[in-house]
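Data block below; observations after.
The chain is numbered in sequence order, starting from 1. Here the structure is a predicted model, which means the values were calculated and not measured.
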Amino acid sequence: MGRPRLNRLASAGKKLKRALELWDKSTGMYSSSSRHVAQWDRWQQNHLPKSVTTIRQDISQGVPLGRIKDYAQCLNVSADLLMDESLVPESETFARKVQAGIREATGHVFLGLQGMDAQEAISRFNGPETLQEVFTVIRGAYNAYWWNEESPDEILRFALCFHECKKTTIFTQCAYKYYNRENILKPYCFLWQNNIHIISIESQFTSLSHAVFINPDKFPPLKQRDPFYLHGTALSEDGTLGVRPMVSYIIIQRVDGSQENTLEKYENIVKSVMFSPVITKEHPDFEALRQAVVIPDMTAGGEVNNINLSGLVV
C-alpha cells in the first residue's frame, strides 16, 4: 500500500526556502559545505530531516503539518508565521520577522553586519546554558566608577545591573549623568572567549562605548570576592577627541543582596548617581578610589589582584 500521503502546506514550503536564504543556509547536494543545513547546529537540535531529498520535497511540495513547529523552532519564528497563507514569503513583513528571529537567536547586532559566519561564532559563546551560568555569577545591581586620563581629576559614577537572562541575552541596564545630561541605557551584553563585552550607545547617539570585563565564571577566584566586584576597560568615541578613541578604566561592585529584587536595588543606585554623579579630586578618598579603579583584575602572570574597597565606595 505504500506510505500514507503527508498533509503538506505548500505556502510554508516557499516560506521555508525564503527563510533559509535569509539565514544564509543552503540545501544543495553538497551537504559538507559549512553553510549547508546538515552542518547547522540548530537544524540538528530540532531533529529536522538529514536527507537532502526530503528537505527539497518540503520546500517544493510543501511542509508536512507535523514538521512545521520544528522548522519554526529552528528558524526562531512562530509556527503561525509559516502557516499564515495571507503572508507571502517575498513580503517585507515576512523578511523583517525572520530577521528579527535571526537577531534574537544569534545575538550580536554589530557583528551581524559581517554575515552569518560571525553570527554563528557569537552563538557558540552565547548558548543558553553558558549565559545562564554566567548570569548566576554576575546577577545584581552595581555601584560603578569610570576614570580616564582625559579627565584625570574626576571619577564618573554610574549604575549598572544584570537583571534577567533569556535564551541568548543577558539583559543589562546602565545609567549615569554627565554635563547635567541624564543617560539611561540598555547596553548589549555578550560573551566572547574569556571576557564579558558590553556595548552601549548613549541617549543622544553621539558616543559609543565598548567595555570588557573578565568572565568570572572562567576564573573561579574572581567569583569568591565578597562583596563581588570586577574591573573593566573601555574604549569610547564621541568625536570630541578627533580620531583618537578614549581609554577608560572601570570598577563595578555589586550591592549586597541585589541578586533578588535587582531592578528595585538598581533604581536606588540610579537615584544616588543622578544626585551625585561625579567624584572630584577634592574628595578625601579620590586618589584611593582612582587607584582601585585602574588596577587590573589579574596580573600579567595570571595572579588575581584583590583590593579592599571598604570605605571607598561613595
Side-chain angles (χ1 to χ4, degrees), residues 107-108 110-111 118 121-149 155-165 168-174 176 185-200 208-236 245-256 258-259 262 266 269 288-310 312-313:
H108 200 261
F110 296 90
L111 292 186
I122 284 287
S123 297
R124 285 198 295 272
F125 291 111
N126 292 270
E129 291 184 7
T130 301
L131 279 189
Q132 187 60 54
E133 289 172 1
V134 174
F135 177 68
T136 300
V137 176
I138 66 174
R139 180 178 185 173
Y142 292 75
N143 280 299
Y145 305 87
W146 176 297
W147 178 87
N148 61 72
E149 293 181 351
I155 297 170
L156 180 69
R157 296 182 64 203
F158 65 101
L160 177 71
C161 78
F162 306 101
H163 61 92
E164 188 175 8
C165 183
T168 58
T169 302
I170 292 178
F171 290 91
T172 309
Q173 292 192 37
C174 174
Y176 65 94
L185 313 179
K186 293 185 178 179
Y188 190 87
C189 176
F190 67 100
L191 308 180
W192 184 267
Q193 300 289 2
N194 295 321
N195 294 294
I196 299 170
H197 296 254
I198 300 177
I199 293 180
S200 61
L208 183 146
S209 297
H210 184 161
V212 181
F213 300 84
I214 292 178
N215 179 355
D217 201 43
K218 294 274 190 177
F219 299 94
L222 300 184
K223 294 195 290 187
Q224 297 169 9
R225 290 170 167 168
D226 186 15
F228 178 71
Y229 70 91
L230 289 172
H231 292 95
T233 304
L235 276 179
S236 306
M246 179 171 61
V247 179
S248 300
Y249 303 94
I250 305 167
I251 190 168
I252 63 174
Q253 179 175 331
R254 184 165 59 202
V255 173
D256 286 343
S258 64
Q259 293 95 319
T262 300
Y266 167 74
I269 301 172
L289 182 57
R290 191 191 71 82
Q291 291 291 337
V293 171
V294 300
I295 188 173
D297 266 323
M298 302 179 71
T299 67
E303 297 180 356
V304 174
N305 284 323
N306 284 311
I307 61 174
N308 184 2
L309 287 173
S310 177
L312 296 181
V313 177

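The closest side-chain heavy-atom distance from Leu222 to Val304 is below 4.5 Å. Between Ile198 and Phe213 the shortest side-chain heavy-atom distance falls below 4.5 Å. A 4.5 Å side-chain heavy-atom check between Ile199 and Phe190 finds at least one atom pair inside the cut-off. Proximity of Ile214 to Met298: side-chain heavy atoms (C-beta onward) are separated by under 4.5 Å at one or more points. The side-chain heavy atoms of Ile250 and Tyr145, taken from C-beta on, include no pair separated by under 4.5 Å.
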Start with the C-alpha distance between Leu156 and Trp147, add both sets of side-chain angles, then the distance that settles side-chain contact (heavy atoms from CB on, under 4.5 Å), and finish with yes or no. CA-CA 6 Å; Leu156 180 69; Trp147 178 87; over 6 Å; no
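Ring-plane geometry between Phe228 and Tyr142 is classed as perpendicular, the angle between the planes exceeding 60 degrees on a 0 to 90 degree scale with a lower cut at 30.
What you find for Ile138 and Phe162 is that their closest heavy atoms are O-CD1, 3.5 Å. Taking both residues in full, the closest heavy atoms of Tyr249 and Thr233 are given as CD2-OG1, 4.4 Å, listed atom of the first, atom of the second, then distance. In terms of heavy-atom proximity, Tyr176 sits nearest to Arg157 at CB-O, 3.7 Å. Contact between Leu131 and Thr169 at its shortest, heavy atoms only, is CD1-N, 3.4 Å. Considering every non-hydrogen atom in both Thr262 and Ser258, the closest pair reads OG1-O, 2.6 Å. Between Ile252 and Phe158, the closest heavy-atom pair is CG2-CZ, 4.4 Å.
With Ser236 contributing its side chain and Ser209 its backbone, the two residues share no donor-acceptor pair below 3.5 Å. Formation of a donor-acceptor pair under 3.5 Å by the His231 side chain with backbone atoms of Ile295 is found in this model. Thr130 places no side-chain N or O within 3.5 Å of a backbone atom of Asn126 that could act as its donor or acceptor partner. Judged by distance alone, with hydrogens and angles left aside, the side-chain atoms of Asn215 form a donor-acceptor pair with the main-chain N or O of Asp217 at under 3.5 Å. Between the side chain of His163 and the main chain of Ala141, no donor-acceptor pair closer than 3.5 Å is present. Side-chain N or O atoms of Arg254 include one that pairs as donor or acceptor with a backbone N or O of Arg139 at under 3.5 Å. Side-chain N or O atoms of Tyr266 include one that pairs as donor or acceptor with a backbone N or O of Cys174 at under 3.5 Å. One N or O on the side chain of Thr172 and one on the backbone of Ile170 form a donor-acceptor pair closer than 3.5 Å.
Heavy atoms from other residues, nucleotides or ligands lying under 6.0 Å from CD of Gln193 number more than 12. Shown here is Lys186, whose NZ atom has no more than 12 heavy atoms of other residues, nucleotides or ligands within 6.0 Å.
The SG atom of Cys189 sits 12.5 Å away from atom CD of Gln173, with the distance rounded to the nearest 0.5 Å.
Residue pairs meeting the salt bridge (Lys or Arg N to Asp or Glu O under 4.0 Å) criterion with at least one partner in residues 290-300, sequence neighbours excluded, are Arg225-Asp297, Glu287-Arg290.
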